[in-house]
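Working notes, structure below.
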Amino acid sequence: MVVTGSIDKVREVIREARKKGKIVGFVPTMGALHEGHLSLIKAARRDSSFVVVSIFVNPVQFGLKEDYRSYPRNFKKDIELVKKEKIDLLFYPPAKAIYPDGFSTYISETCLSRALCGKSRTGHFIGVCTVVAKLFNIIEPDIAYFGQKDYQQARIIKKITKDLNFPTKIKVLPIVRERDGLAMSSRNIYLNSKEREVARCLYSAINLAKKLIKKGERNSRKVISKMEELMKSKKRVEIDYIEIVDADELNDLKRIGGRALIALAVYVGKTRLIDNIIVNVK
Ligand code: AMP
């Protein structure tokens, strides 16, 4: 496994792999790796003959009041985990390599980015799109892997890949959950034991929505109110949003039909957690 922070070295190693006819699979991450990340790496290992993982806590996607400085970083453990997965290349650049002095070019997806998390995290998706576009230009992957956990992000990446003619195929993999249903996230370690306990309510709310829809409820407002009710019964929980939108364009759905995304973002204490589910309704 090659471990490097140098863009030139990455290009050189990938050029050599390509000469040997390798298929390059790429998993971008911000590190503090968990089973969710590993599921993407395992998928890459299955599909491709050369697996690249990046670990980069991207300063540009964090708001001023967000947790860039305190974001969990655990490079030693991460390196052991990716070694076990037998990846070929770990790209671990310093911020200055990605954003040198004078950097002034940003990628902005202007439609899907306005929905859901885009409303409360101004500029977040500009940061995400910019770093992903840069990583795609550096690595030139055949396939790149993203998690449904960040559904909106994956949807936007698919859009910029198409709009900007990146030749990369985007694969989106299911949410990996803890035993009690909480979606795995690097940020879960911020939760104290009380908060960890109430954090299960995100998954409970999703299951409640699923149940109501299965029973025939099609009115989004009614489903959302029930989810809100469940959340409001919990201490230390503050809803950022609960929305039901169509899964492709992320437009509000008044009546639930077709491929619908039920997405929520919730503060548990100071930690912002997200979760979602897609339901297919005839
Ligand atoms: P992050 O390190 O949080 O930027 O995540 C890197 C990639 O892992 C993104 O594509 C995430 O959607 C994905 N990911 C994070 N958590 C999970 C999870 N619980 N299940 C599946 N994929 C995940």
Side-chain angles (χ1 to χ4, degrees), residues 25-47 51-63 66-68 70-75 77-79 81-82 85 87 90-93 95 98 112 116-117 121 124-136 139 141 143-161 168-191 196 199-200 202-203 206 247 261 263-266 271-278:
F26 173 45
V27 182
T29 82
M30 297 207 297
L33 302 179
H34 51 67
E35 287 295 330
H37 298 112
L38 297 184
S39 73
L40 306 185
I41 296 172
K42 284 183 191 352
R45 188 72 286 169
R46 280 195 298 273
D47 301 342
V51 177
V52 184
V53 174
S54 65
I55 294 181
F56 180 62
V57 184
N58 177 30
V60 177
Q61 73 186 65
F62 287 79
E66 293 182 1
D67 55 342
Y68 173 65
S70 57
Y71 193 83
R73 291 163 172 87
N74 199 343
F75 190 59
K77 185 172 163 220
D78 288 350
I79 243 191
L81 288 171
V82 293
E85 299 303 327
I87 72 160
L90 177 62
F91 181 40
Y92 179 59
I98 300 295
L112 303 166
L116 305 173
C117 289
R121 301 191 72 189
H124 169 68
F125 289 114
I126 292 179
V128 170
C129 291
T130 301
V131 80
V132 170
K134 283 179 68 84
L135 291 167
F136 280 9
I139 290 154
I143 316 172
Y145 298 81
F146 294 86
Q148 190 191 313
K149 154 94 185 333
D150 302 273
Y151 180 86
Q152 185 179 14
Q153 167 176 284
R155 181 68 197 85
I156 292 170
I157 302 292
K158 272 194 177 170
K159 187 67 168 42
I160 66 161
T161 300
T168 301
K169 183 174 176 194
I170 306 298
K171 284 204 177 177
V172 182
L173 283 117
I175 301 176
V176 178
R177 298 180 178 280
E178 301 285 357
R179 289 178 84 163
D180 66 354
L182 177 66
M184 288 195 179
S185 162
S186 306
R187 289 191 168 98
N188 290 352
I189 64 155
Y190 294 150
L191 302 168
R196 174 63 189 80
R200 291 157 63 180
L202 279 86
Y203 191 56
I206 277 179
L261 172 76
L264 65 164
V266 169
T271 307
R272 189 173 181 278
L273 301 174
I274 55 172
D275 205 339
N276 69 75
I277 189 178
I278 293 178

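Note that these values count all heavy atoms, side chains included, but never hydrogens, waters or copies made by symmetry. Counting starts at 1 for both ligands and their atoms, following the listed order.
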Working to the nearest 0.5 Å, report the span between [atom1] of [X] and [atom2] of [Y].
X	Y	atom1	atom2	result
Glu66	Arg121	CD	CZ	4.0 Å
Ile175	Asp150	CD1	CG	8.5 Å
Arg155	Phe125	CZ	CZ	12.0 Å
Ile41	Glu35	CD1	CD	10.0 Å
Leu116	Ile274	CG	CD1	9.5 Å
Ile87	Arg45	CD1	CZ	8.5 Å

Can you confirm whether Leu273 sits close enough to Asn188 that some side-chain heavy atom of one is under 4.5 Å from a side-chain heavy atom of the other?
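They are in contact (side-chain heavy atoms under 4.5 Å apart), so the answer is yes.
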Out of all atoms in ligand 1, which are within 4.0 Å of some heavy atom of [X]? Include the element for each.
X	result
Phe146	10 (O)
Asp150	11 (C), 12 (O)
Gly36	17 (C), 18 (C), 20 (N), 21 (C), 22 (N)
Pro28	6 (C), 7 (C)
Leu40	7 (C), 8 (O), 10 (O), 13 (C)
Thr29	2 (O), 6 (C)
Met184	16 (N), 17 (C), 18 (C), 19 (N)

Protein contact of [atom] - nearest heavy atom, named by residue and atom, plus distance:
atom	result
atom 1 (P) of ligand 1	His37 NE2, 3.6 Å
atom 20 (N) of ligand 1	Val176 N, 2.9 Å
atom 22 (N) of ligand 1	Gly147 CA, 3.5 Å

Above 12 or not: heavy atoms from other molecules or residues under 6.0 Å from CZ of Arg187?
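Correct, the count exceeds 12.
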Could you establish whether Pro174 and ligand 1 come within less than 4.0 Å of each other, counting only heavy atoms on the residue side?
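In this structure, Pro174 qualifies as a contact of ligand 1 - some heavy atom is under 4.0 Å.
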Any heavy atom of Leu173 sitting closer than 4.0 Å to ligand 1?
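Heavy atoms of Leu173 never come under 4.0 Å of ligand 1.
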Check the orientation of Phe136 and Phe26. Use parallel for under 30°, tilted for 30 to 60°, and perpendicular for over 60°.
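Geometry flag for Phe26 against Phe136: perpendicular rings.
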Which segment of His34 sits under 4.0 Å of ligand 1 when only heavy atoms are counted
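Side chain only.
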Test your reading of the structure: does Met30 have an N or O sitting under 3.5 Å from an N or O of ligand 1?
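Right, the criterion is met.
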